[in-house]
Amino acid sequence: MNQRFILLSRFKIRLFIPVIAVMILTACKSGESGKKKTETTPTDPPVTQVFSLKKGRLSSSLQIPGELIAYQQVDLYAKVNSFVKKLYVDVGSEVKEGQLLATMEAPELGSQLAGAESAIKSREAIYLASKANYDRLVETSKTPGTISPNDLEQAAARKNSDYAQFEAAQSAHKEIIETQNYLQIRAPFNGVITARNVNPGAYVGPSGKGSELPLFNLQEQKKLRLVLSVPEAYTGYLSNKNEVSFSVRSLQGREFKAMIKRLSGSIDNRLRSQRVEMDVLNEDKKLLPGMVAEVNLPLPSNDSTFIVPKTAVVNSTESVFVIRAVNNKAEWVPVKMGREANGFIEIYGKLNAGDQLLISSTDEIKNGTPLLNIKTVTPGY
């Protein structure tokens with residue numbers, strides 16, 4: 001039995017030795033992994049990217065609605081009280097300058113003209129008689145003692161008075177002739193009749209019934225005006241040499257060009273904007289007065305300014321600033337912002353060309369913070 005017990009004990013010892021070995025190996029590996037976890041690998045400080053400040057010209061554009069209006073437009077009224085006799089044009093008629101549009105009739109003008117002609121003849125006869133009398137007295141006065149100087153002066157005054165009345169009669173006759181010419185309505189310029197508000201037989205005149213609406217509305221459509229109201233903030237970038245492009249909804253896919261011709265030179269008190277006008281050639285008359293245009297207005301810089309990426313400007317509750325790297329330290333520089341375009345912005349402040357500015361600024365980088373591992377980059381201007 002003792003021998004059996006010895007054999008069993010040896011068997012257990014043989015099984016226990018491998019288990020102990022496994023436990024020792026596991027403990028060693030755990031110790032090594034623990035050491036690895038406690039060890040830290042040294043890392044490089046974060047890179048601070050800066051760029052060299054320089055001036056440039058930032059070209060941007062403004063999308064703004066505009067209105068197309070007729071280059072010339074007029075409402076035609078009757079000058080005298082009369083009746084419409086005949087109309088020669090209608091809505092849509094294309095007319096030339098001086099073309100007859102309508103004729104009116106006013107019978108009383110014929111009577112006035114006849115009276116004026118009679119007055120001319122009467123005054124002419126009186127003038128001729130007084131002139132003949134004066135001429136005779138002048139010839140007689142050449143003989144000393146025949147005609148007193150007073151009689152001669154009175155005859156000259158009567159002659160001059162009669163001549164003045166004769167001229168007045170001629171002027172009254174001419175006035176009636178001119179008034180009769182107003183019975184013919186003619187086009188003051190080339191254009192298109194866009195409205196007609198009367199019919200033959202209608203009573204028209206400068207006052208009373210019939211004068212509420214014009215006889216015709218005439219517009220020049222082969223040349224139009226494109227009118228914009230540019231906000232005050234952008235008026236400094238405008239000039240008469242700027243070319244704009246625009247489109248209208250009714251003609252999708254077509255782009256039109258125009259050149260700035262006129263600037264009002266004042267700011268509208270209600271809209272706080274400046275009126276800008278462009279001339280648009282419209283020979284095919286596809287564009288119509290009253291259309292709304294979507295205008296792309298370029299705003300080129302007149303002078304070079306400092307241009308930086310938008311990420312370089314911090315717009316915080318405290319102030320607007322950029323961060324300048326000076327002696328490896330951060331320095332806040334207050335600035336004012338200008339226009340923005342394509343991820344860049346104009347800035348104005350106490351800066352100099354060549355200053356090193358952080359390309360990615362934030363208010364978490366306080367004034368005087370050390371800057372490590374500075375690297376100069378070039379932004380894509």
Scan the side chains in residues 248-262 for donor-acceptor partners under 3.5 Å anywhere in the protein, sequence neighbours excluded, and list what turns up.
residue, atom, partner, partner atom, Å
Q252, NE2, R249, O, 3.1
R262, NE, E277, OE1, 2.9
R262, NH2, D279, OD1, 2.4

Which pairs of donor and acceptor atoms, one on a side chain in residues 91-99, lie under 3.5 Å apart (sequence neighbours left out)?
residue, atom, partner, partner atom, Å
S93, OG, D90, N, 3.0
S93, OG, D90, O, 2.9
E94, OE1, K285, NZ, 3.1
E94, OE2, K222, NZ, 3.4
Q99, OE1, K96, N, 3.0

Please tabulate, for the side chains in residues 147-156, all donor-acceptor contacts under 3.5 angstrom to protein atoms that are two or more places apart in sequence or on a different chain.
residue, atom, partner, partner atom, Å
S148, OG, D151, N, 3.3
S148, OG, D151, OD2, 3.0

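Across all non-hydrogen atoms, the minimal contact from L238 to V276 is CD1-CG2, 3.7 Å. Between A102 and F216, the shortest heavy-atom contact is CB-CE1, 3.9 Å. The two atoms that bring N81 and G205 nearest to each other are OD1-CA, 3.5 Å, heavy atoms only. Between I185 and Y77, the closest heavy-atom pair is CD1-O, 4.0 Å. Heavy atoms only, all atoms of each residue included: V204 and A78 are closest at CG2-CB, 3.6 Å. Summarising the geometry of A116 relative to I176, their closest heavy-atom pair is CB-CD1, 3.6 Å, with the distance given to 0.1 Å.
T194 places a side-chain N or O within 3.5 Å of a backbone atom of N217 that can act as its donor or acceptor partner. Side-chain atoms of Q219 never come within 3.5 Å of backbone atoms of G191 as a donor-acceptor pair (strictly under, hydrogens ignored). Listed for the S161 side chain is no donor-acceptor partner under 3.5 Å among the backbone atoms of A157. Distance alone, capped at 3.5 Å, is enough to place a donor-acceptor pair between the T311 side chain and the I359 backbone. T140 places a side-chain N or O within donor-acceptor distance of the main-chain N or O of R136, the cut-off being under 3.5 Å. Looking at T48, its side chain never comes within 3.5 Å of a backbone N or O of N373 through a donor-acceptor pair. Within the 3.5 Å criterion, the main-chain N or O of S245 finds no donor-acceptor partner in the side chain of N296. Formation of a donor-acceptor pair under 3.5 Å by the R196 side chain with backbone atoms of V198 is found in this model. With hydrogens and angles disregarded, a donor-acceptor distance shorter than 3.5 Å links the side chain of N197 to the backbone of P214.
Here CG of L68 is found 8.0 Å from CG of N282. Values are rounded to the nearest 0.5 Å. Here OG1 of T179 is found 8.5 Å from CG of N181. Values are rounded to the nearest 0.5 Å. If you take OG1 on T378 and CD on Q49, they are separated by 10.5 Å, rounding to the nearest 0.5 Å. The CD atom of Q274 sits 7.0 Å away from atom OG of S266, with the distance rounded to the nearest 0.5 Å. Taken to the nearest 0.5 Å, the CD atom of E232 stands 6.0 Å off from the OG1 atom of T235. With rounding to the nearest 0.5 angstrom, the CD atom of E108 is 8.5 Å from the OG atom of S82.
V280 and L288 end up in the same hydrophobic cluster when Ile, Leu, Val, Met, Phe, Trp and Tyr side chains are linked at under 4.5 Å. Both V333 and M337 belong to a single network of hydrophobic side chains, linked directly or stepwise wherever heavy atoms of I, L, V, M, F, W or Y lie under 4.5 Å apart. Residues I307 and V50 do not share a hydrophobic cluster, defined by chaining ILVMFWY side chains whose heavy atoms lie under 4.5 Å apart. L351 and I323 are members of different hydrophobic clusters when ILVMFWY side chains are connected at heavy-atom separations under 4.5 Å. When hydrophobic clusters are built by joining Ile, Leu, Val, Met, Phe, Trp and Tyr residues whose side-chain heavy atoms come closer than 4.5 Å, directly or via intermediates, I347 is grouped together with V320.
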Task: side-chain contact (heavy atoms from CB on, under 4.5 Å) between H173 and E117, worked out - done: CA-CA 6 Å; H173 179 267; E117 290 175 349; 3.2 Å; yes
Open item on the list: Would V322 and L53 count as a side-chain contact (heavy atoms from CB on, under 4.5 Å) here? Give the steps.
Closed with: CA-CA 11 Å; V322 294; L53 182 63; over 6 Å; no
Open item on the list: If you apply the rule side-chain contact (heavy atoms from CB on, under 4.5 Å), what do you find for N199 with V84, and how did you get there?
Closed with: CA-CA 7 Å; N199 292 301; V84 177; over 6 Å; no
Open item on the list: Checking S229 against R275 for the side-chain contact (heavy atoms from CB on, under 4.5 Å) test, could you report, in this order, the C-alpha distance in whole Å, the side-chain angles of both residues, the deciding distance, and whether it holds?
Closed with: CA-CA 5 Å; S229 293; R275 181 185 175 97; 5.5 Å; no
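Y71 carries R225 over the face of its six-membered ring, with the cationic atom under 6.0 Å from the centre and within 45° of the normal.
Residues passing the ring-ring contact (aromatic ring centres under 6.0 Å, His included) test with F321 are W332, sequence neighbours excluded. In this structure, E67 has no salt bridge (Lys or Arg N to Asp or Glu O under 4.0 Å) partners at least two apart in sequence or on a different chain. The ring-ring contact (aromatic ring centres under 6.0 Å, His included) search around F83 returns Y203, not counting sequence neighbours. For D355, the salt bridge (Lys or Arg N to Asp or Glu O under 4.0 Å) partners are R324, not counting sequence neighbours. With sequence neighbours excluded, the residues that form a salt bridge (Lys or Arg N to Asp or Glu O under 4.0 Å) with K310 are E340.
Between L228 and M278 there is a side-chain heavy-atom pair separated by less than 4.5 Å. The shortest distance between side-chain heavy atoms of L224 and I69 does not fall below 4.5 Å. Side-chain contact between L371 and L358 is present, with heavy atoms from C-beta onward closer than 4.5 Å. Contact check for Q221 versus P289: side-chain heavy atoms found under the 4.5 Å cut-off.
Checking each of I64, L287, L297 against F246 for a side-chain contact (heavy atoms from CB on, under 4.5 Å) leaves exactly one that passes, namely L287.
Defined by atom type and a distance below 3.5 Å, a donor-acceptor pair is missing between the side-chain atoms of S273 and D268.
Sequence neighbours left out, not one pair with a member in residues 271-295 passes ring pair (Phe, Tyr, Trp, His ring centres under 6.0 Å). Residue pairs meeting the salt bridge (charged side-chain N to carboxylate O under 4.0 Å, His left out) criterion with at least one partner in residues 155-173, sequence neighbours excluded, are absent. Counting only residues at least two apart or in different chains, side chain to side chain donor-acceptor pair (under 3.5 Å) contacts with residues 357-371 are absent.
Cluster note: L128 groups with I120, Y127, Y163, F166 through ILVMFWY side-chain heavy atoms spaced under 4.5 Å, whether in direct contact or through intervening members.
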